[in-house]
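Notes follow the structure.
So you know, we letter chains A, B, ... as the sequences are listed, proteins then strands, and number each from 1.
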Protein chains: 2
Amino acid sequence: MLTSVDPDVIRVLGDPLRLQIVTLLARETLCTTHLVEETGARQTNLSNHMKVLREAGIVETEPCGRFTYYKLKPEVLAGLSEQFAALADSARTATENKRACP
Amino acid sequence: MLTSVDPDVIRVLGDPLRLQIVTLLARETLCTTHLVEETGARQTNLSNHMKVLREAGIVETEPCGRFTYYKLKPEVLAGLSEQFAALADSARTATENKRACP
DNA sequence: CTCTCACATCATCACCCGCTGATACCAGCG
DNA sequence: CGCTGGTATCAGCGGGTGATGATGTGAGAG
């Protein structure tokens, strides 16, 4: 399969702050306040990034009183892992598949 | 390990054109001319992206006469795959690790 | 030797994107 | 209820980034 990885998800994870958020969320479920403390970013900035992550389907929200908890969707990361593994696998055999010079 | 994935590599792969290039190179080793044909992008544009991919350590160049062949470095993709797998694994158990509301 | 082609580099421009401040919304609590 | 605090949304600004054209370099053909 010519499974090209979904560029959107990768682009979303390409931002350093968002990647930090994802790394934090991979350890524990956190709410916005915690993320503000951990990252040092402004709340409004965080909220923006969380929206991006939400729309990319990487995180889920879970309201708890007036707090909003975020947790990762492991299957998305697992999917990425698989797709990269497939690319790596394909790349290993591609070294010999050299198209002729024109 | 709190192996946060390298943001640089991911950001490089976040660009749709570069991801297309990587997908193509995962199938066969190609030179710039082939990539121009396949992607429809300008040569100078391609060369820019190839430079980015080269500096990110994702591809290797192999001169062949006056042509330059590019091939992927599978270990980079494999590393990404592992790191995402680790994140996904960690995320699966993180759902219960909910930090208390402040 | 010279000319041509493949490729890389440089400088420039325009545009997208993330950061910021202001503001609206919603849930508890008194 | 009204107030307070946590969160989301919106408009605007500035910097980073990708696309483009001109130019340089090096290898092979004639």
Side-chain angles (χ1 to χ4, degrees), chain A residues 6-25 28-72 98-102, chain B residues 6-25 28-72 98-102:
Chain A
D6 186 6
D8 294 335
V9 177
I10 304 184
R11 171 178 256 144
V12 167
L13 293 179
D15 186 271
L17 181 52
R18 284 195 290 257
L19 193 59
Q20 185 184 359
I21 295 171
V22 169
T23 306
L24 288 171
L25 289 181
E28 47 182 350
T29 301
L30 297 170
C31 67
T32 310
T33 308
H34 296 136
L35 288 172
V36 169
E37 293 173 3
E38 296 283 345
T39 63
R42 307 290 178 93
Q43 177 267 323
T44 190
N45 189 8
L46 254 295
S47 192
N48 266 327
H49 284 294
M50 296 322 291
K51 178 179 183 174
V52 175
L53 286 170
R54 215 184 315 136
E55 288 176 347
I58 301 177
V59 302
E60 279 178 341
T61 65
E62 180 192 339
C64 168
R66 45 182 178 167
F67 298 92
T68 305
Y69 277 89
Y70 291 96
K71 59 179 183 179
L72 285 183
K98 186 181 299 182
R99 192 183 294 192
C101 295
Chain B
D6 187 7
D8 294 334
V9 177
I10 304 184
R11 187 171 48 234
V12 167
L13 293 178
D15 185 271
L17 180 52
R18 284 195 289 257
L19 193 59
Q20 185 184 0
I21 294 171
V22 168
T23 307
L24 289 171
L25 289 181
E28 47 182 349
T29 300
L30 298 170
C31 67
T32 309
T33 308
H34 295 136
L35 289 172
V36 169
E37 291 174 2
E38 295 284 344
T39 64
R42 308 287 179 93
Q43 178 265 325
T44 188
N45 190 9
L46 253 296
S47 193
N48 265 327
H49 284 294
M50 296 322 290
K51 177 179 183 175
V52 175
L53 287 171
R54 216 184 315 135
E55 288 176 346
I58 300 176
V59 303
E60 278 178 341
T61 65
E62 179 191 341
C64 168
R66 45 181 179 169
F67 298 92
T68 305
Y69 275 90
Y70 291 97
K71 59 179 181 178
L72 284 183
K98 187 181 297 181
R99 192 183 293 193
C101 296

task = Measure from CD1 on B:Ile21 to C1' on D:dG18 and round the result to the nearest Å.
result = 12 Å
message = Under 4.0 Å from OP1 or OP2 of C:dC25: is there any side-chain N or O of A:Arg66 that close?
response = no
query = Are B:Arg54 and B:His49 side-chain neighbours, meaning at least one heavy-atom pair lies under 4.5 Å?
reply = no
ask   = If you find the nucleotide of DNA chain C closest to A:Asp15 and the one closest to A:Cys64, which residue's nucleotide is nearer the 5' end?
value = A:Asp15
message = Please determine whether any donor N or O and acceptor N or O are separated by less than 3.5 Å between the side chain of B:Gln43 and the base of C:dA6.
response = no
ask   = Between atom CG in B:Leu17 and atom C1' in D:dG18, what is the gap in whole Å?
value = 10 Å
ask   = To the nearest angstrom, how far is A:Arg11 atom CZ from D:dG18 atom C1'?
value = 10 Å
note = Among D:dA19, C:dA6, D:dC10, the one nearest any side-chain atom of B:His49 is D:dA19
inquiry  = Taking 4.0 Å as the cut-off, does a side-chain nitrogen or oxygen of B:Thr32 come that near to OP1 or OP2 on C:dA8?
reply    = yes
task = Whole angstrom is fine here: how far is it from CG in A:Leu53 over to P in D:dA8?
result = 12 Å
key: B:Thr44 side-chain N/O to D:dA19 phosphate OP1/OP2 under 4.0 Å   = no
ask   = Would you say a side-chain N or O of B:Thr68 is under 4.0 Å from OP1 or OP2 of C:dA6?
value = no
query = For C:dA8, does OP1 or OP2 lie under 4.0 Å from any side-chain N or O of B:Tyr70?
reply = yes
query = Which comes earlier along DNA chain D counting from the 5' end, the contact point of B:Arg42 or that of B:Val52, where each point is its nearest nucleotide?
reply = B:Val52
ask   = Is any side-chain nitrogen or oxygen of A:Asn48 closer than 4.0 Å to OP1 or OP2 of C:dG18?
value = no
message = If the threshold is 4.0 Å, N to carboxylate O, is there a salt bridge linking B:Arg11 and B:Asp8?
response = yes
query = Side chain of B:Asn45: nearest nucleotide among C:dA6, D:dA19, D:dT9?
reply = D:dA19
message = Please classify the nucleic acid contact of B:Arg18 as base, sugar-phosphate, or nothing, using heavy-atom distances under 4.0 Å.
response = sugar-phosphate
